[in-house]
Each structure stands twice: as C-alpha cells, then as structure tokens.
Amino acid sequence: NDNGGNPTFTNNFGRIKERGTRMKKAGYLILFLILVMTGCGKKQEEVIEKKVKYVITEPATMRKMNQVFKSDAVLEPKNKVNHQTEKGGTIEKILKRNGDTVKKGELVMELSDAATESSYFTAKANYTSALSSLNIAKNNYQKFESLYEKELVSYLEYIGYENTYVSAKGNYEAAKASYENAKSDYDKLFRKAEIDGIVGNLFGKEGNEISSSEIIFTVVNDKSMETYVGFPAEWLTQIKVGQDLEVEVGALGKKFVGKILEINPIADSATKKYMIKIAVDNPDRAIKDGMYSYVTIPVGEVNVLSVSDEAIFVRNLLSYVFKVEDGVAKRVEVKTGATNLPYTEISSDNIKEGDRIVVKGIFGLEEGNEVEENTEAK
C-alpha cells in the first residue's frame, strides 16, 4: 500500500528489518556453538573410551595339580549313650551334674514310679513261685522216672509227673522273662552310667516328672571323635581305610589329623555318594560334641589347565578371568577346581592353553577395555 511518503513509517520498518537480521545471526551463532560443544563431547567420549589400561598377563598353562576332596561335617564322640527310663517316673535324687566325670556303673540319678515298682515286685514274686514249683515238679519227675525204670510205678503215674514237670518248666520260663523285663525297667529307675565318660544333657530337677521317651542325661567319651561324609564315586579308587586326612575345626582355629575308618560300598540312594567314616583323636577333649569341621582328603594328581590365583575374581557368586584378545580385555566365566598355591585349576570352553590371562591390573578393568600388556616370567 502507498504510505503517502510518511517518514515515520519508513523509519519503523527499517528498525524492524534490522532487528530481524540480528536475531537470525544470534540463532546461527547459538546453533554453531551447540554443534561445536556436541562435537567436543563426542571427541571427549571417544578419548575416554579409547583410554588404554596397563595390565600384566600370563598364559593359561597345563600343570599337575594335587586334587583334594573337601566337605563340611559335624563331629560326635565315638562313644555316646543317651540314658532314658522305659516307663518314665519322678526324679528323686540327682547325684551328678553336667561336666562331671563318671565310671561305668556309677549312679547318676534315682527315680521313682509306682507302676514300674509294682510290676517289678509282682513279677519277682511270680518268678520266685514259678521257680519253687519247677524245683518240686523236677524232683518228683526224677523220682518217678527212676521208679518207672525199675517198674515200681505204672506208666500213667510216671507220665503224669512228667507232664507236671514240663508245665512247671514252661511257667517258669514265662515268669523268668516277665521278671527280667520288669527288673530292667526297675533298675533304670536307678540310672547308672553305661560307659566311662562325661555327663551332659542333665537338665532335670528333683521332683520333675519324666516321660518314657525323655533323655534324662547323656554320657560321652570324647577322647575320640567321629563323623560321616558323602564321598564321590569317581574318586573312590584314590582313598583307602587308614588313610590320613585333615580336619579343621573352625571354632577352635585348629587343624587335626584324622583317619578313614570305614568306606561304605553302597551308594546313598538320594545323593549317589558313598559314606565314609572318619575318626579324629581328641586327647585333650578340645573338640566338643556337635562342633562343625572341614574335612580335606587328598585324592591324587591331575594334569589340568590352570592360572595364577590372583587372576580369578568373583562377581555375583560366579568366578571370572580376563582374557586378552587383539589388545582388548574380555571377561570369561570359569569353573575352578584343584588348588596348589599359587595356581588354581580352571575350565571354560572359551579358554585354551596359551591364552593370555590378566593377573595384575584387574581392579577397574571392564569388558571391552583396550589394554597394553606386559608379561612376567613364572
């Protein structure tokens, strides 16, 4: 449109046009700076990614390693007797306490039980009566047997006395069995130690009622300890009865020499392992009943792929090593086996003899890092 030559309109239009030009230039400048900064960031990232790690490597090597079998186990005394009553009862007297030394046959506790006592005295009376009847019947039988042989009495008289004797003998045997059972129950009201040893598990008090299945005390002879462990079939030919082994008791911080006592020739139906019995001498009684231990048994040598112990690291309960290929670190999961310091057996489909394995410089190393490696002669 015609502005009629208005000077005010012309000046305003010029200023608007000039301002637009300046804004365009500022926009181009900002865009340029963003591109420059982005490019610098990428270059910086590339520099970080390409940062070289310095490591020391060794080759994975075939070595002869001593194989060992390891298992945890719970140790128990060789001789251990839990003392119970057959019918229960009431504690009348306690003569020993936990930790006391006792001899076989020494009285530890007295109990009472009306039913047990009544059964015993009744059975004793019946036994005494049956024994008396047997003796009378036996004497009569022998007397008439002699008379019959001399033909002084009839066969019917003789056979009558024989039948009486046989019946009396049967009654006696039954009464004797009942008496012996009742006497065993009665005798256990006077609980005596059945072996030499140390008293334990004695927690009752005088006046306490005891059930028939309740353990009233235990006697242990812990000068020798024993345990059973399951042993794998593939190594059975490597062990024998009498072989020495190591038993470590963590609670004591000590290692003991043990021996194999037995090798069960029948596999456990659940684990398919063979139970072996192990004994450990305990002359100072430092090992206590129920202590945990770790059993180590040598089972021969094998030629296996191995690396330095320090090359192996654990993440999320899995074992790994770093293998170097074309200057790049690759993390490889491995399974570990026999250990002969300072080397450990490894197995993996991705590692073969001669592969370069990182032994120093593992801290901070990640999958895909470029590395510069040095070697150490071993």
Side-chain angles (χ1 to χ4, degrees), residues 68-86 91 94-109 184 188 191-204 210-233 235-236 238-299:
V68 293
F69 166 78
K70 293 186 177 182
S71 175
D72 55 352
V74 178
L75 295 169
E76 295 184 342
K78 178 181 178 180
N79 296 313
K80 177 180 178 179
V81 178
N82 291 322
H83 293 68
Q84 300 167 278
T85 66
E86 295 301 319
I91 298 176
I94 298 173
L95 295 95
K96 298 290 181 180
R97 59 183 179 183
N98 289 320
D100 283 352
T101 300
V102 292
K103 293 290 185 181
K104 181 178 179 179
E106 191 173 353
L107 187 62
V108 176
M109 183 182 292
S184 175
K188 286 183 179 179
R191 287 311 271 132
K192 299 175 182 179
E194 297 179 18
I195 60 172
D196 295 347
I198 308 295
V199 175
N201 287 338
L202 201 166
F203 302 115
I210 302 299
S211 65
S212 59
S213 60
E214 188 173 348
I215 296 172
I216 52 178
F217 65 89
T218 301
V219 177
V220 296
N221 187 338
D222 50 10
K223 289 186 177 180
S224 179
M225 307 297 286
E226 294 180 345
T227 188
Y228 283 93
V229 297
F231 196 80
W235 287 343
L236 275 178
Q238 302 294 326
I239 62 172
K240 61 183 179 180
V241 172
Q243 178 178 333
D244 287 346
L245 51 90
E246 180 183 279
V247 178
E248 182 178 358
V249 182
L252 302 177
K254 293 177 64 177
K255 295 179 180 179
F256 299 81
V257 176
K259 286 186 182 296
I260 298 175
L261 290 185
E262 300 174 3
I263 302 174
N264 187 1
I266 302 171
D268 182 272
S269 59
T271 65
K272 306 305 179 186
K273 292 184 176 181
Y274 295 80
M275 300 304 291
I276 62 174
K277 188 177 183 179
I278 294 168
V280 184
D281 286 336
N282 187 35
D284 59 356
R285 290 175 168 162
I287 306 173
K288 301 302 181 184
D289 184 12
M291 280 189 172
Y292 281 94
S293 65
Y294 300 93
V295 177
T296 302
I297 305 175
V299 288

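The chain is numbered in sequence order, starting from 1.
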Interatomic distance, Asp268 atom CG to Met275 atom CE [nearest 0.5 angstrom]: 7.0 Å
Side chain to side chain contact (heavy atoms under 4.5 Å, CB included) between Ile198 and Thr101, worked out: CA-CA 5 Å; Ile198 308 295; Thr101 300; 3.4 Å; yes
Short side-chain to backbone donor-acceptor contact, Asn282 and Ile287, under 3.5 Å: yes
CZ on Phe231 to NZ on Lys273, rounded to 0.5 Å: 10.0 Å
Aromatic plane relationship, Phe217 with His83 - under 30° parallel, 30 to 60° tilted, over 60° perpendicular: parallel
Minimum-distance pair of heavy atoms, taken over all atoms of Met225 and Pro77: CE-N, 3.6 Å
Pairwise distance NZ(Lys96) to CD(Glu106) - rounded to 0.5 angstrom: 3.5 Å
Minimal non-hydrogen separation, Ala193 against Val102, with atom names: CB-CG2, 3.7 Å
Inter-residue atom distance Asn201.CG - Asp289.CG, 0.5 Å rounding: 8.0 Å
Test item: Ile195 and Lys104 side chains (from C-beta on) under 4.5 Å apart, heavy atoms: no
Heavy-atom pair of closest approach, residues Ser293 and Val247: CB-CG1, 3.7 Å
Worked verdict on Glu248 versus Thr296 for side chain to side chain contact (heavy atoms under 4.5 Å, CB included): CA-CA 8 Å; Glu248 182 178 358; Thr296 302; over 6 Å; no
Greater than 12 external heavy atoms within 6.0 Å of Arg97's CZ: no
Distance in Å, Ile276 CD1 paired with Gln243 CD, rounded so as to fall on 0.5 Å steps: 8.5 Å
Within 6.0 angstrom of Lys78 NZ, more than 12 heavy atoms from elsewhere: no
Minimal non-hydrogen separation, Asn221 against Asp196, with atom names: CB-O, 3.5 Å
Residues Asp281, Lys223: salt bridge by 4.0 Å N-O rule: no
Sidechain-backbone polar pair: Asn264 side chain, Tyr274 backbone, donor-acceptor under 3.5 Å: no
Asp222 and Arg285 ion-paired at < 4.0 Å: yes
Within 6.0 Å of NZ in Lys80, more than 12 heavy atoms from elsewhere: yes
Ala286 versus Leu252, closest heavy-atom pair with distance: O-CD1, 3.7 Å
Side chain to side chain contact (heavy atoms under 4.5 Å, CB included) between Val68 and Glu246, worked out: CA-CA 11 Å; Val68 293; Glu246 180 183 279; over 6 Å; no
Atom pair NZ/OG1 of Lys277 and Thr227 - distance to nearest 0.5 Å: 10.5 Å
Nearest heavy atoms of Pro232 and Phe69, plus distance in Å: CD-CE1, 3.5 Å
